[in-house]
Novice: 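Sharing a structure here in structure tokens format.
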Amino acid sequence: MNQTVVNTTNAFRPKSEALQLLIDRGFMHQTTDLEALDAKMVEGPITAYAGFDATADSLHVGHLLPLMAMRWMQKLGHKPILLVGGGTTRIGDPSFRTESRPMLDDTQIAHNLAGISKTVERLFDLSEGEGRIVNNAEWLDEFRFLEFLRDFGSNFTVNRMLTFDSVRSRLEAQQPLTVLEFCYMMLQAVDFVELSKRFDCSLQIGGSDQWGNIVNGVDLGRRAGKQLFGLTLPLLTTAGGSKMGKTAQGAVWLNSDRLTVFGFWQFWRNTADADVARFMKLFTDLPLSEINRLAELKGAEMNEAKKILATQVTGIVHGLDAAQSAMEQGEALFAGNVESSEPTHVMPLARLATRIGLLELMVDTGFANSNSEARRLVRSGAVRINNTLVMEEDRAISEGDISAGDRLVIAVGKRRKALIAFK
RNA sequence: GGAGGAGUGCCCGAGUGGCUAAAGGGGACGGACUGUAAAUCCGUUGGCUAAGCCUACGUUGGUUCGAAUCCAACCUCCUCCA
């Protein structure tokens, strides 16, 4: 892999506070030339970037890992650049995917960028000189084909591009890989170099699946006379061994219009015991000493630690007030005092007048993806209204189900509950 | 350019004219047990205005009373030959 040095982080003790913290909290997977990076970071603040494709109008928990890593960088004096792939989204990163991503048009991309920015703005200080959001369409849109080939084409060999896992896996899976997608890695490399020219950015942070793309950028930088660095994050799995962040209802979104704040809080509240400490290190700002203390909790006491985890993460993503309120909703729904808490869902009173069906309500609150799924859940004895088991699939919700003025509690299974207010 | 093989549900993977909404496994969800945990056991796992109907086995057509299964063309991939 040319002169790119790959370090494992076992032995090395960096002098940089930020690097040490990233290692201690479990963010570090691989880096290029760790010692040189450390030296540079000790010398003074550096600028680092992480990229996000604009494939949806919200980021999800999978993106939270690079966001948190970048956030620590900023807290410890470095400058973050959050790159949104307005340009690259039009192509689609083929990495480790068996199928092409759909191509999006400009209107959709603009819409998605706005949604993503909402989250980023909350997580970072984006004031002048502190941090910034950048859209790579700014330069990628400008390139003319021949010019691009002349400037960058000679720095990439197909021989080497073919050796990257991201490409090979697609080839070995016998799935088509278009030239369009193949060129994605060039664009990401160009992004990195462009950011280094424009903002003196010298570090790229990304998921472990980005390693190949990142190294490409580092190598391209060297040819342009710049020393760039890459750092990848571990692939996150749950203690159960599955990929983190998937639920039956789909991705765990960071925007509240995609997933309620309470739903987000619940996701974290339901973390497995074995994951609590690790997730606290990665997804909260709690000091390690506090995390270690909480990790000592035994048995059912661990539930307290989970509430802290949930409220901390929710606080970072949705704000402290919203997180506090989500925690109270959790207490209310699971302890049973329905009157005092904010509802998790609000529905127009008119829905009640037309006798909304139970199945419909389950779909509307996101507990089921289809009427069929809702029906199955009712049949299997999973659904309770106001704590009373309901077995009739065609049950309609009426005023008799309402308590405390406008409240209705619906539970699906033991851990999914909603407090609905009809207003 | 020629010969042969392959493309199945969220994923892996059986099936080779009706008994197939499609075996089995994984994942996910639900139930029991618990602590809104793990492990274990049981169940469910395309949609709908639901004892009926609709959509699905790379794409488009065709044969047949009837096709994931047979035929043709096309797309993509693999292997061998040139």
Side-chain angles (χ1 to χ4, degrees), chain A residues 94 96-100 162 167-182 236-252 262-280 294-311 314 326-336 341 344 354-360 362-363 365-384 387 389-396 409-419:
Chain A
F96 304 101
R97 292 182 160 259
T98 50
E99 285 173 21
S100 303
L162 286 173
V167 171
R168 251 187 19 227
S169 62
R170 184 76 157 265
L171 295 177
E172 278 166 12
Q174 306 182 12
Q175 294 299 318
L177 176 69
T178 62
V179 169
L180 188 76
E181 297 169 289
F182 188 58
L236 259 205
T237 53
T238 63
S242 54
K243 200 167 171 183
M244 189 207 171
K246 288 269 175 72
T247 68
Q249 271 58 49
V252 178
F262 178 65
F264 185 80
W265 188 87
Q266 271 293 304
F267 169 78
W268 293 97
R269 172 65 246 278
N270 285 316
T271 300
D273 286 15
D275 289 326
V276 172
R278 189 163 53 106
F279 288 178
M280 275 184 171
L294 290 167
E296 292 299 305
L297 292 174
K298 290 284 176 279
E301 290 177 343
M302 188 53 86
N303 286 331
E304 288 311 310
K306 291 181 190 181
K307 285 181 201 168
I308 293 170
L309 169 67
T311 307
T314 308
M327 186 175 76
E328 281 160 17
Q329 287 168 342
E331 300 288 348
L333 282 168
F334 286 88
S341 174
T344 59
T354 54
R355 289 177 59 84
I356 179 175
L358 172 59
L359 301 182
E360 195 183 341
M362 288 171 68
V363 172
T365 48
F367 283 153
N369 290 319
S370 65
N371 270 7
S372 297
E373 190 182 333
R375 197 181 297 266
R376 256 181 255 124
L377 287 166
V378 174
R379 273 186 201 161
S380 65
V383 180
R384 285 164 193 270
N387 236 6
L389 186 64
V390 176
M391 295 294 281
E392 317 139 58
E393 296 163 27
D394 299 320
R395 173 78 141 73
V409 175
I410 179 164
V412 175
K414 269 175 300 202
R415 41 183 135 169
R416 293 189 288 164
K417 301 195 183 197
L419 174 55

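Each chain gets a letter, A, B and so on, in the order the sequences are listed, and its residues count up from 1. Atoms considered below: every heavy atom in the structure, side chains included; atoms not considered: hydrogens, waters and symmetry mates.
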Novice: Kindly say if A:Arg415 contacts the phosphate of B:rG35, meaning a side-chain N or O under 4.0 Å from OP1 or OP2.
Specialist: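 So the side-chain polar atoms of A:Arg415 never come under 4.0 Å of the phosphate oxygens OP1 or OP2 of B:rG35.
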
Novice: Choose from B:rG47, B:rC29, B:rU36 the nucleotide whose nearest atom is closest to any side-chain atom of A:Ser370.
Specialist: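 Nearest to the side-chain atoms of A:Ser370, counting from C-beta on, is B:rG47.
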
Novice: Write down the partner of B:rA6 under the Watson-Crick or G-U wobble criteria, each distance required to be under 3.5 Å.
Specialist: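 Pairing partner, where one exists within any strand: B:rU76.
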
Novice: Could you tell me whether the side chain of A:Arg416 and the main chain of A:Phe367 form a donor-acceptor pair under 3.5 Å?
Specialist: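 Here the side-chain-to-backbone pair exists.
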
Novice: Walk me through it: do A:Trp265 and A:Thr311 pass the test side-chain hydrogen bond (donor to acceptor under 3.5 Å, both in side chains)?
Specialist: CA-CA 7 Å; A:Trp265 188 87; A:Thr311 307; 2.9 Å; yes

Novice: To the side chain of A:Ala272, which of B:rA38, B:rU36, B:rG31 is closest?
Specialist: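 Minimum distance to the A:Ala272 side chain belongs to B:rA38.
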
Novice: From the list B:rU34, B:rU49, B:rA37, which nucleotide is the closest neighbour of the side chain of A:Lys414?
Specialist: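 The answer is B:rU34, which lies nearest to the side chain.
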
Novice: Of A:Gly413 and A:Glu393, whose nearest nucleotide on RNA chain B comes first from the 5' end?
Specialist: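 Per heavy-atom nearest nucleotide, the more 5' residue is A:Gly413.
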
Novice: Please state the P separation for the pair B:rA39 and B:rG27 - nearest whole angstrom.
Specialist: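 9 Å, rounded to whole Å.
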
Novice: Between B:rG30, B:rG35, B:rU36, which nucleotide has the shortest distance from any of its atoms to the side chain of A:Phe334?
Specialist: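 Selected nucleotide (nearest to the side chain): B:rU36.
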
Novice: Say you pick atom C1' in B:rG18 and the same atom in B:rC12; how far apart are they, in whole Å?
Specialist: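 It comes out at 28 Å once rounded to the nearest Å.
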
Novice: Taking pairing as Watson-Crick or G-U wobble with both contacts under 3.5 Å, can you name the mate of B:rA14, or confirm there isn't one?
Specialist: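 No nucleotide pairs with B:rA14.
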
Novice: I'd like to know if A:Ser372 reaches the base of B:rA50 with its side chain, counting only an N/O donor and acceptor under 3.5 Å.
Specialist: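 It does, because a donor-acceptor pair links the side chain of A:Ser372 to the base of B:rA50 below 3.5 Å.
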
Novice: How far does the C1' atom of B:rG58 sit from the matching atom of B:rC77, given to the nearest Å?
Specialist: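 The answer is 11 Å between these two C1' atoms.
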
Novice: Which one is paired to B:rC70, where only Watson-Crick or G-U wobble pairs with both distances under 3.5 angstrom count?
Specialist: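 When the pairing criteria are applied, B:rG62 turns out to be the nucleotide that pairs with B:rC70.
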
Novice: Can you tell me how far C1' in B:rU44 sits from the matching atom in B:rC10, rounded to whole Å?
Specialist: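 Nearest-Å result for B:rU44 against B:rC10 at atom C1': 15 Å.
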
Novice: Within the structure shown, what part of the strands sits under 4.0 Å from A:Gly299 by heavy-atom distance: base, sugar-phosphate, or nothing?
Specialist: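 A:Gly299: base contact, heavy atoms under 4.0 Å.
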
Novice: By nearest atom, which of the nucleotides B:rU36, B:rG35, B:rG47 is closest to the A:Arg269 side chain?
Specialist: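 Minimum distance to the A:Arg269 side chain belongs to B:rU36.
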
Novice: Show your working on salt bridge (charged side-chain N to carboxylate O under 4.0 Å, His left out) between A:Lys298 and A:Glu301 and close with a plain yes or no.
Specialist: CA-CA 6 Å; A:Lys298 290 284 176 279; A:Glu301 290 177 343; over 6 Å; no

Novice: Using the P atom in both, what is the distance from B:rC11 to B:rU49, to the nearest Å?
Specialist: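 Here B:rC11 and B:rU49 have their P atoms 26 Å from each other.
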
Novice: B:rC33 pairs with which nucleotide, Watson-Crick or G-U wobble, both distances below 3.5 Å?
Specialist: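 Its partner is none (no Watson-Crick or G-U wobble pair with both distances under 3.5 Å).
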
Novice: Mapping A:Lys298 and A:Arg375 onto RNA chain B by nearest heavy atom, which one lands closer to the 5' end?
Specialist: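 Here A:Lys298 is the residue nearer the 5' end.
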
Novice: Suppose we define a pair by two distances each less than 3.5 Å, Watson-Crick or G-U wobble; what does B:rG1 pair with here?
Specialist: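 The answer is B:rC81, by the H-bond criterion.
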
Novice: Tell me if a side-chain donor or acceptor on A:Thr344 pairs with a main-chain N or O of A:Phe262 at a distance below 3.5 Å.
Specialist: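 No: the side chain of A:Thr344 does not pair with the backbone of A:Phe262.
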
Novice: So what's B:rA50 paired with, Watson-Crick or G-U wobble, going by both distances under 3.5 Å?
Specialist: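 Pair assignment: B:rA50 / none.
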
Novice: Taking atom P in both B:rU8 and B:rA82, compute the distance separating them and give it to the nearest angstrom.
Specialist: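 That atom pair is separated by 32 Å.
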
Novice: Which part of the nucleic acid does A:Lys306 contact within heavy-atom distance under 4.0 Å: base, sugar-phosphate only, or nothing?
Specialist: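 Answer is base: heavy atoms of A:Lys306 come under 4.0 Å of a base.
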
Novice: Can you tell me the base-pairing partner of B:rU44? Count Watson-Crick or G-U wobble geometry only, both distances below 3.5 Å, and say none if there is no partner.
Specialist: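 The base-pairing partner of B:rU44, which may sit in any strand shown, is B:rA28.
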
Novice: Closest approach to the side chain of A:Arg376, judged atom by atom: which nucleotide of B:rC29, B:rU36, B:rU44 is it?
Specialist: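 Nucleotide nearest to A:Arg376's side chain: B:rU44.
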
Novice: Determine the Euclidean distance between corresponding P atoms of B:rA22 and B:rG5; express it in Å to zero decimal places.
Specialist: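 Comparing P positions in B:rG5 and B:rA22 gives a spacing of 30 Å.
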
Novice: For a quick check, tell me whether the side chain of A:Asn371 and the base of B:rG47 share a donor-acceptor pair closer than 3.5 Å.
Specialist: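 Checked by distance alone, the answer is no.
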
Novice: For residues A:Lys307 and A:Glu331, report the shortest heavy-atom separation together with the two atoms involved.
Specialist: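 Where A:Lys307 meets A:Glu331 most closely, the heavy atoms are NZ-OE2, 3.4 Å.
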
